[in-house]
Amino acid sequence: VGMFDLHNRGYGVAKGIPSIVVAAASMDDVVAMLGFSVCIGLAGGAGNIYQKALTGPAAVVAGALYGCAAGALLGATKLWDA
């Protein structure tokens, strides 16, 4: 029994619980990938350690900004209207 099956059965739908759980699981994946990439970058030899440590969080901020811009652009079209 997965979260989407529970969603289809109607459990917690009124409070949005399945959507929150799926979003939290996705966020957990993002944090894990960010931590892995920062650790690999720090272990990867010479260079400024502070610059390497800030590369991951900077990529997350840039991705969030690009995502917001793409969402605003697509939200302004009639493509997603039901």
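Along the sequence shown, residues are numbered consecutively beginning with 1. Values below: every heavy atom of this structure, side chains too, minus hydrogens, waters and symmetry copies.
- Alongside Leu65, the hydrophobic cluster contains Val61 (criterion: ILVMFWY side chains under 4.5 Å).
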Give the table of side-chain donor-acceptor pairs shorter than 3.5 Å for residues 13-37, with sequence neighbours excluded, one pair per line with atom names and distance.
residue, atom, partner, partner atom, Å
Ser26, OG, Val22, O, 3.1
Ser37, OG, Met33, O, 3.3
Ser37, OG, Leu34, O, 2.9

Please tabulate, one pair per line, all N/O donor-acceptor pairs under 3.5 Å involving side-chain atoms of residues 46-58, not counting sequence neighbours.
residue, atom, partner, partner atom, Å
Asn48, OD1, Tyr50, N, 3.1
Lys52, NZ, Gly45, O, 3.0
Lys52, NZ, Ala46, O, 2.8
Thr55, OG1, Gln51, O, 2.8

